[in-house]
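Encoded as structure tokens, the structure appears first; notes follow it.
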Amino acid sequence: MKQDPPLVSYKYTNNISRSVFNYNQTLRNINRDDYRNASSSCDCESSTFRYEPHGHVITGDLRIVRNRKLRRLLEKGPKYREQSNIDWTLNKRMLIKAIDDYVKSWSKREGYHVSALEEWSETVKLIISNRINNLQHRKFRPCHKILEDPHIKAYLTELQSKYVLVPADKAGNNIIFVCKYYYIHTLMEELGINSGTNLDSAYVNQDRTVDEIIQTHASTLEDVFDIKLQQKEKNLPQIYWIPKLHKTPYKARFIAGSSSCTTTRLSKLITECLKLVRSHCTAYCKTIRERTGVNSMWIINNSLDVIRALEEKQLFLHHVSTWDFSTLYTSLPHAQLKKQLHDLLERVFTTKGKSFIATNNFRTFWANDRTSTRYTYFSCRELCLAIDFLIDNIYVRFGSSVFRQVIGIPMGTNSAPLLADLFLHTFEYDFMVKTMKQDITKAIQFSDTFRYIDDLFSINNVDFGNYISAIYPSELQLKDTSISSTEVCYLDTKIRTGDINTPFRINIYDKRDDFTFRIVNFPHMDSNIPANPAYGVYISQLVRYARICTSKVDFINRLRGLSLRLRQQGFETNLLQKSFNKFFSRHGLIVEKYGAPQREMR
């Protein structure tokens, strides 16, 4: 029987983000009384890096770092891994142990004695020993980690005492310096701490302690949902924010850091169930579209769904518009969110004709019986209860205080995107079904509408803006973000109307191109990473460019810009060329549209 070849896997060393980003540490140790008045303010007034609209330092300009060595390190981004000196003895011991472990596991699985692989094992160990002996005789330059230099560590600590270092929204590989006073003050305003009243706030301060809330969650999760919390899950999310530098003026994106908290496991189960629900809705709406020509499923996975639709229909664009839900996550009304999702789930379970959704870490499917202990089963009622519990128990920590979010759902919660996505879908579906019954021509006019969570794209529909209040609830504000009626930027594309010969024109759009500082978005080859996956990034970007760009010139410009950028970051020209040849041989069909030979596009 043919066996799969062994897979090469990598275990990476820690990147520099753990030492650089300090928002968790800052908020964990915060005393909010220190930030209630201007007397605890800052010295941003005299800083050349002050952002005028807010009057405080908010910058990705790394000239703020005066130490040259530290600045050069931070320019490589938080995912950069400093090189380590090689401990050959340790590496040899780890490899030999891995061989022995494999022999034992194979023998147990196949039912043989370990001696069956003795010859193979000794041969592999000999090869490893010889390779290591040869490598040990090579001269490797000693590595001196910058962040272990006492002077640089002291300077970084000084910076972190004045600023909160966070990633940028839409540019997570860039390090942003935010005045610590402004950072804390912004969080306090969001939580309604300085307002004197919480009546208009999305958050309500709690009298219960963190431990009391965790204990209540633990009891309910075990009794109702059969989820027994592990020690690392007995925690509440910490709220923090990252700057949205692509907005004018800069805005804040608030996030609940919930990678491991009381509701994380339940939220992940809900996420898998809602993915299945969304797939059913997509299939159901596809059947309606095939029968009527009306598309009542506006949800898309990415911009390629839009491009495929345009190419399949060969639509000639004469009017385009894009729209954005302002503060979607923080505006969702809890009562209406639960009602809409309950109604949706009841409809989906009924039309599917199934009693349960079964889910675990590997698979989610519809079922009529609870037949296996390997899965968690949710009936319609149980899934509604789980969603209600999650929405009603959104707590965040700020220092020693705890707040419950009573309006909206926090980013950072696993199921938040799907909850928001399906909430909006219920209104879109109802609108399309109602319109189809009244005027099918009007319904078809709205059928070329696409939405990726809070970003919406409408094609050849000059009336879309007039129907917003008829589609969505008044709590949600939809803002027109179109450049003009003939040109829009949607997700990672710029789309323009065409002419008599060209139905439409599409090229790459990147919000980060408008940032006032250099964006870090590809690996540096002097980082402590293997080379092959890094060159795979080059190929994947070329595939993306080719799928999006309708013009050969746009594709070539992006290709050359990417190649230049990667060479500046240590990629070798000859290996980039080999990677391009590999791209062209594997994905030649998607560049056929350019009608150009390979040598012309190098």
Side-chain angles (χ1 to χ4, degrees), residues 5-18 20-21 60 62 72-84 167-176 242 246 301-305 307 452 491-494 506-515 517-549 552 554-591 594 598 601-602:
L7 294 176
V8 177
S9 60
Y10 302 96
K11 183 177 180 180
Y12 294 102
T13 55
N14 291 334
N15 58 39
I16 66 172
S17 66
R18 295 189 179 192
V20 173
F21 290 144
L62 292 180
R72 287 178 177 172
L73 177 66
L74 299 186
E75 284 172 349
K76 297 176 180 179
K79 294 182 181 178
Y80 182 81
R81 292 173 165 84
E82 292 197 86
Q83 293 284 355
S84 301
D169 186 47
K170 311 297 185 189
N173 283 337
N174 277 75
I175 298 164
I176 309 302
I242 58 176
H246 56 287
N301 295 310
N302 50 50
S303 60
L304 293 179
D305 287 345
I307 294 171
Y452 179 77
L491 303 181
D492 59 345
T493 66
K494 178 172 281 190
I506 306 177
N507 63 348
I508 299 289
Y509 169 70
D510 192 337
K511 292 179 180 179
R512 300 171 298 185
D513 291 341
D514 299 329
F515 285 8
F517 49 86
R518 183 180 175 87
I519 299 302
V520 181
N521 54 355
F522 298 110
H524 284 74
M525 293 308 293
D526 62 348
S527 180
N528 193 22
I529 58 172
N532 285 344
Y535 284 92
V537 170
Y538 179 61
I539 294 176
S540 66
Q541 286 298 306
L542 296 185
V543 171
R544 185 172 75 92
Y545 294 166
R547 285 176 173 165
I548 291 175
C549 294
K552 177 184 70 176
D554 289 334
F555 173 76
I556 291 175
N557 286 341
R558 283 283 171 179
L559 161 66
R560 291 174 178 170
L562 175 63
S563 300
L564 175 61
R565 178 68 176 271
L566 294 182
R567 285 197 298 270
Q568 291 171 343
Q569 295 181 190
F571 284 68
E572 296 182 25
T573 302
N574 64 319
L575 294 180
L576 285 174
Q577 185 60 61
K578 286 182 180 179
S579 297
F580 178 80
N581 294 341
K582 187 185 293 185
F583 155 76
F584 205 88
S585 64
R586 290 182 179 178
H587 305 282
L589 288 176
I590 59 176
V591 293
Y594 301 132
Q598 180 177 347
M601 292 192 285
R602 288 179 180 172

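Keep in mind that what you see is a predicted model, and the values were worked out from it rather than measured.
- With respect to the salt-bridge test (charged N to carboxylate O, under 4.0 angstrom), the residues Lys76 and Asp526 qualify.
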Assess the residue pair Leu566 and Leu576 against the criterion (side-chain contact (heavy atoms from CB on, under 4.5 Å)); give the C-alpha distance rounded to whole Å, side-chain angles, the decisive distance to 0.1 Å, and a yes or no. CA-CA 9 Å; Leu566 294 182; Leu576 285 174; 4.1 Å; yes
Between Asn174 and Ile519, does a side-chain contact (heavy atoms from CB on, under 4.5 Å) hold up when you go through it step by step? CA-CA 6 Å; Asn174 277 75; Ile519 299 302; 3.6 Å; yes
Could you walk me through whether Asp510 and Lys170 satisfy the salt bridge (charged side-chain N to carboxylate O under 4.0 Å, His left out) test, starting with their C-alpha distance in whole Å, then the side-chain angles of each, then the deciding distance to 0.1 Å, before giving a yes or no? CA-CA 9 Å; Asp510 192 337; Lys170 311 297 185 189; over 6 Å; no
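- By the 4.5 Å heavy-atom criterion applied to side chains, Ile16 and Arg81 are not counted as neighbours.
- Leu562 places a side-chain heavy atom less than 4.5 Å from the side chain of Leu542.
- Across every non-hydrogen atom of Ser303 and Ile548, the tightest pair is OG-CD1, 4.2 Å.
- For the residue pair Ser563/Tyr538, the side-chain donor-acceptor check at 3.5 Å is satisfied.
- By the 4.5 Å heavy-atom criterion applied to side chains, Lys494 and Ile508 are not counted as neighbours.
- Heavy atoms only, all atoms of each residue included: Leu304 and Arg547 are closest at CD2-CB, 3.8 Å.
- Listed here is the closest heavy atom pair of Pro530 and Tyr12: CD-CE2, 3.3 Å.
- Minimum heavy-atom separation, Val520 to Asn173: O-CB, 2.8 Å.
- Atoms OH and CG, from Tyr452 and Asn301 in turn, are 8.0 Å apart once rounded to the nearest 0.5 Å.
- With a 4.5 Å cut-off on side-chain heavy atoms, Arg565 and Asn521 count as touching.
- Environment of CZ in Arg72: sparse, with no more than 12 heavy atoms of neighbouring residues, nucleotides or ligands closer than 6.0 Å.
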Between Phe517 and Ile176, does the side-chain contact (heavy atoms from CB on, under 4.5 Å) criterion hold? Intermediate values first, please. CA-CA 10 Å; Phe517 49 86; Ile176 309 302; 3.8 Å; yes
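- Annotation: the span from Lys578 atom NZ to Thr573 atom OG1 amounts to 12.5 Å, rounded to 0.5 Å.
- Considering every non-hydrogen atom in both Ile590 and His587, the closest pair reads CG1-O, 3.0 Å.
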Step by step, would you call Asp492 with Arg544 a salt bridge (charged side-chain N to carboxylate O under 4.0 Å, His left out)? CA-CA 10 Å; Asp492 59 345; Arg544 185 172 75 92; 3.0 Å; yes
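- In this structure, NE2 in His524 is found 13.5 Å from NZ in Lys79, a value given to the nearest 0.5 Å.
- Separating the OG atom in Ser579 from the CZ atom in Phe584 is a distance of 15.0 Å, to the nearest 0.5 Å.
- Met525 places a side-chain heavy atom less than 4.5 Å from the side chain of Tyr535.
- Here Asp169 pairs with Arg253 under the salt bridge (Lys or Arg N to Asp or Glu O under 4.0 Å) rule; sequence neighbours left out.
- Between Phe580 and Leu575 the shortest side-chain heavy-atom distance does not fall below 4.5 Å.
- In this structure, Glu82 and Tyr80 have side chains that are in contact, with non-hydrogen atoms separated by less than 4.5 Å.
- Val20 places none of its side-chain heavy atoms less than 4.5 Å from the side chain of Pro78.
- Atom CZ of Arg558 is separated from atom SG of Cys549 by 7.0 Å, given to the nearest 0.5 angstrom.
- Tyr594 pairs by the ring pair (Phe, Tyr, Trp, His ring centres under 6.0 Å) definition with Phe555, not counting sequence neighbours.
- Once rounded to the nearest 0.5 Å, the distance linking CD of Glu572 with CD of Gln577 reads 13.5 Å.
- Asp513 and Arg518 are not joined by a salt bridge, as no carboxylate oxygen comes within less than 4.0 angstrom of a charged side-chain nitrogen.
- Taking both residues in full, the closest heavy atoms of Phe583 and Ala546 are given as CZ-CB, 4.3 Å, listed atom of the first, atom of the second, then distance.
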